S.K.: 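To start, I am sharing the structure in question, which I have written as structure tokens.
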Number of protein chains: 2
Amino acid sequence: MAKRSGTGDVSSRVRLNRALVLDTAIAIADESGIESLTMRKLGEQLGVEAMSLYNHVANKDDLLTSMVDAVFAEIELPSHNDDWKSALRKRSVSFRDALSRHPWAIGVKGSGTNPGPATLRHHDRVIATFRNAGFSITMTAHAFSALDSYIYGFAMQEQSLPFTTEEETAAMAHILLAQLPTKEFPYLAELTAQHVLTPGYNYADEFPLGLDLILDGLERWL
Amino acid sequence: MAKRSGTGDVSSRVRLNRALVLDTAIAIADESGIESLTMRKLGEQLGVEAMSLYNHVANKDDLLTSMVDAVFAEIELPSHNDDWKSALRKRSVSFRDALSRHPWAIGVKGSGTNPGPATLRHHDRVIATFRNAGFSITMTAHAFSALDSYIYGFAMQEQSLPFTTEEETAAMAHILLAQLPTKEFPYLAELTAQHVLTPGYNYADEFPLGLDLILDGLERWL
DNA sequence: ACCTGAACACCGTTCAAGT
DNA sequence: ACCTGAACACCGTTCAAGT
């Protein structure tokens, strides 16, 4: 009775399975951060001892890389019905949205080493979109690298910001500005005061500008 | 005598200080990866118990964020003598080089929350370069975000690759290709076989292409 | 086939004690 | 002022034992 508090399963306890373990792990990482996702806590949340989890995942690394593949499964694939540019624009926005919902995903190391099926599928469809638009193999590699580097890097910068809501941003910027030696860093102070502290400022709004810059540049490559 | 094996100080033991602690921590992270940088191991390397380190750093978080600031100090600042584009091009290449020498630096969370003096100085000088080139405050913010997102993301993708040398790349690509269901992922297979397995392929070579794409795009914004 | 309890070899960090 | 030894509350993971 005391053991079951986590999930709130009312009737009989749900039989553990890999999908349930993954979903619960993702929920914990989303809510409390990846650093608080421990095998013991995950077990507790599922009403089970930590050691039971090893019947469903090989180890914590297996758990983490599978979680990343689950995030890739959430990304909208480029559509065959759109032209290449708007197809890739939509999937890029969807990609950033997924990384924004699951900020821990970009920090999981080793997920590039052995990508899961959803990740492979996603990459294959993006490459297909470039190739069918007329990009050569070499140019496709260049384009893919440039576009996804931007998306990953944007998500990383967004994640590293110490604020999310507009109110938090304003409050944080005020504190930073107060601490900042403005004599020494005048340009940084100016940007903070006159851009970040502007009403309605939201870093996420910067995303489409850089995205279009890159997509326009890729179009020029064609 | 047994205790001093790590550093190899011959004569009297070197007095511990913050700079020595930071440099040794960076050396460990560079050589063995950030996951093997523990307070106990760092102490051992310095010929001291782990607890002594707390006389020089507040805690492990303080250590990590200070290490990141030391990496920023290695980046070449944009020169006043170059035009804005080549000044930012040089510092961008230098930025990627620094992240390539210290791949753990992009994974340190919380380093964006309270940036160190070298980081602030670096940001200030990059913003200054945009402003003096004629970018408005708003356009400077857009440009800065786009450019550094690309650099961070490229470094992250580069780091997540399971190979570094050309030989490793070819060997790894062969293995990946053999495992890959080529019927299911034909475009990914094609790119791997005909681009990655090309003699002389090196992912790092992709960097300048995306960089110039972005810098040219920014120039068009002016 | 799945779950558990105890144990192992680790972590970061504290605190009182030494010099 | 700096360093140490013991201890605390954690980790991931193993293994034999239970059902």
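No hydrogens, no waters, no symmetry mates; every other heavy atom, side chains included, goes into these values. Protein chains get the first letters and strands the later ones, always in sequence-line order, with residue 1 at the start of each. The structure displayed is predicted, hence computed values, not measured ones.
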S.K.: Please list, chain by chain and in numerical order, all residues satisfying salt bridge (charged side-chain N to carboxylate O under 4.0 Å, His left out) with A:Glu76, sequence neighbours excluded.
M.R.: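 Not a single residue meets the salt bridge (charged side-chain N to carboxylate O under 4.0 Å, His left out) criterion with A:Glu76.
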S.K.: Send over the distance from B:Leu20 CG to D:dC3 P, rounded to a whole Å.
M.R.: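 For the pair B:Leu20 CG and D:dC3 P, the rounded distance is 11 Å.
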S.K.: Atom CD1 of B:Ile34 to atom C1' of C:dG12: distance rounded to whole Å?
M.R.: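 Answer to the nearest Å: 14 Å.
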S.K.: Reckon B:Ser52 has a side-chain N or O less than 4.0 Å from the OP1 or OP2 of D:dC2?
M.R.: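 Looking at the OP1 and OP2 atoms of D:dC2, neither is under 4.0 Å from any side-chain N or O of B:Ser52.
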S.K.: Could you name each residue pair satisfying ring-ring contact (aromatic ring centres under 6.0 Å, His included) that touches residues 176-197 of chain A, not counting sequence neighbours?
M.R.: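 Qualifying pairs: A:His195-A:Tyr201.
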S.K.: Just compare C:dT13, D:dG12, D:dC3 and give me whichever is closest to any side-chain atom of A:Tyr54.
M.R.: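 Nearest nucleotide to the side chain: D:dG12.
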S.K.: Heavy atoms only: give me the nearest B:Ala87-B:Ser79 pair and the separation to one decimal.
M.R.: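 Minimum heavy-atom separation between B:Ala87 and B:Ser79: CB-O, 3.6 Å.
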S.K.: What's the CD-P distance between B:Glu35 and C:dC11, to the nearest Å?
M.R.: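 One finds 12 Å between P of C:dC11 and CD of B:Glu35, rounded.
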S.K.: For the backbone of A:Ser52 and the side chain of A:Asn55, can you confirm whether one donor and one acceptor N or O come within less than 3.5 Å of each other?
M.R.: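 Such a contact is found between A:Asn55 side chain and A:Ser52 backbone.
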S.K.: Short of 4.0 Å, heavy atom to strand atom, which residues of residues 59-69 of chain B count as contacting DNA chain C?
M.R.: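 Nucleic-acid contacts, sorted: B:Asn59, B:Lys60.
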S.K.: Polar-atom pairs under 3.5 Å, protein N or O versus N or O of nucleotides 8-10 of chain D: list them with distances, or write none.
M.R.:
none

S.K.: In whole angstrom, give the distance that lies between atom CE of A:Met39 and atom P of C:dA7.
M.R.: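 Rounded to whole Å, this separation is 21 Å.
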S.K.: For B:Ala50 and A:Ser36, take the nucleotide of DNA chain D holding the closest heavy atom to each; which residue's nucleotide lies nearer the 5' end?
M.R.: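 So the residue in question is B:Ala50.
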S.K.: Measure from CG on B:Asn55 to P on C:dT14 and round the result to the nearest Å.
M.R.: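 Nearest whole value for this atom pair: 12 Å.
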S.K.: Please list, chain by chain and in numerical order, all residues satisfying salt bridge (charged side-chain N to carboxylate O under 4.0 Å, His left out) with B:Glu206, sequence neighbours excluded.
M.R.: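 Applying salt bridge (charged side-chain N to carboxylate O under 4.0 Å, His left out) to B:Glu206 gives none.
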S.K.: Rounded to the nearest Å, what distance is computed from the CZ atom of residue A:Arg18 to the C1' atom of nucleotide C:dC2?
M.R.: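 Nearest whole value for this atom pair: 16 Å.
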S.K.: Of the listed nucleotides (C:dT13, D:dT13, D:dC3), which one gets closest to any side-chain atom of B:Met51?
M.R.: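 Among the listed nucleotides, the one closest to the side chain of B:Met51 is C:dT13.
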S.K.: Output all residues satisfying salt bridge (charged side-chain N to carboxylate O under 4.0 Å, His left out) with A:Asp148, sequence neighbours left out; order by chain, then residue number.
M.R.: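 A:Asp148: salt bridge (charged side-chain N to carboxylate O under 4.0 Å, His left out) contacts with A:Arg91.
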S.K.: Holding to salt bridge (charged side-chain N to carboxylate O under 4.0 Å, His left out), I want the full list of residues that pass it with A:Arg125, two or more places apart in sequence or in another chain.
M.R.: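 For A:Arg125, no residue satisfies salt bridge (charged side-chain N to carboxylate O under 4.0 Å, His left out) once neighbours in sequence are set aside.
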S.K.: Grab the NZ-P distance between B:Lys41 and C:dC11 for me, whole Å please.
M.R.: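 Nearest whole value for this atom pair: 9 Å.
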S.K.: Can you identify which nucleotide, out of D:dC3, D:dT13, C:dC3, has its nearest atom closest to the B:Val48 side chain?
M.R.: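 The listed nucleotide nearest to B:Val48's side chain is D:dC3.
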S.K.: Tell me, which pairs form a side-chain hydrogen bond (donor to acceptor under 3.5 Å, both in side chains) where one or both residues lie in residues 168-179 of chain A, sequence neighbours left out?
M.R.: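 Listed by first then second residue: A:Thr164-A:Glu168.
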S.K.: Run the side-chain donor-acceptor check on residues 62-69 of chain A: report pairs under 3.5 Å with partners two or more places apart or on a different chain.
M.R.:
from	atom 1	to	atom 2	distance (Å)
A:Asp62	OD1	A:Arg18	NH2	3.1
A:Asp62	OD1	A:Ser66	OG	3.4
A:Asp62	OD2	A:Arg18	NH2	2.7
A:Asp62	OD2	A:Ala58	N	2.8
A:Thr65	OG1	A:Asp61	O	3.1
A:Thr65	OG1	A:Asp62	O	3.2
A:Ser66	OG	A:Arg18	NH1	3.3
A:Ser66	OG	A:Asp62	O	2.8
A:Asp69	OD1	A:Ala118	N	3.2
A:Asp69	OD1	A:Thr119	N	2.8
A:Asp69	OD1	A:Thr119	OG1	2.6
A:Asp69	OD2	A:Ala118	N	3.2

S.K.: Which whole-number value in Å describes the distance from B:Leu42 CG to C:dG12 P?
M.R.: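 My rounded result for the distance is 10 Å.
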S.K.: Does DNA chain D take part in any stems of at least 3 consecutive Watson-Crick or G-U pairs (both distances under 3.5 Å), and if so, which ones?
M.R.: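 Stem list for DNA chain D: C:4-8 with D:12-16, C:12-16 with D:4-8.
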S.K.: When A:Leu53 is tested against each of A:Lys60, A:Arg40, A:Met39 for side-chain contact (heavy atoms from CB on, under 4.5 Å), which residue passes?
M.R.: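 Going through the options one by one, the only one that passes is A:Met39.
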S.K.: Pairs in or reaching into residues 107-130 of chain A: which pass ring-ring contact (aromatic ring centres under 6.0 Å, His included), with residues at least two apart or in two chains?
M.R.: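 Residue pairs with at least one partner in residues 107-130 of chain A: A:Phe72-A:His122, A:Phe72-A:His123, A:Phe95-A:His122, A:His123-A:Phe144, A:Phe130-A:Phe135.
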S.K.: Suppose we screen for side chain to side chain donor-acceptor pair (under 3.5 Å). Which residues come up paired with A:Lys41, at least two apart in sequence or across chains?
M.R.: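 For A:Lys41, no residue satisfies side chain to side chain donor-acceptor pair (under 3.5 Å) once neighbours in sequence are set aside.
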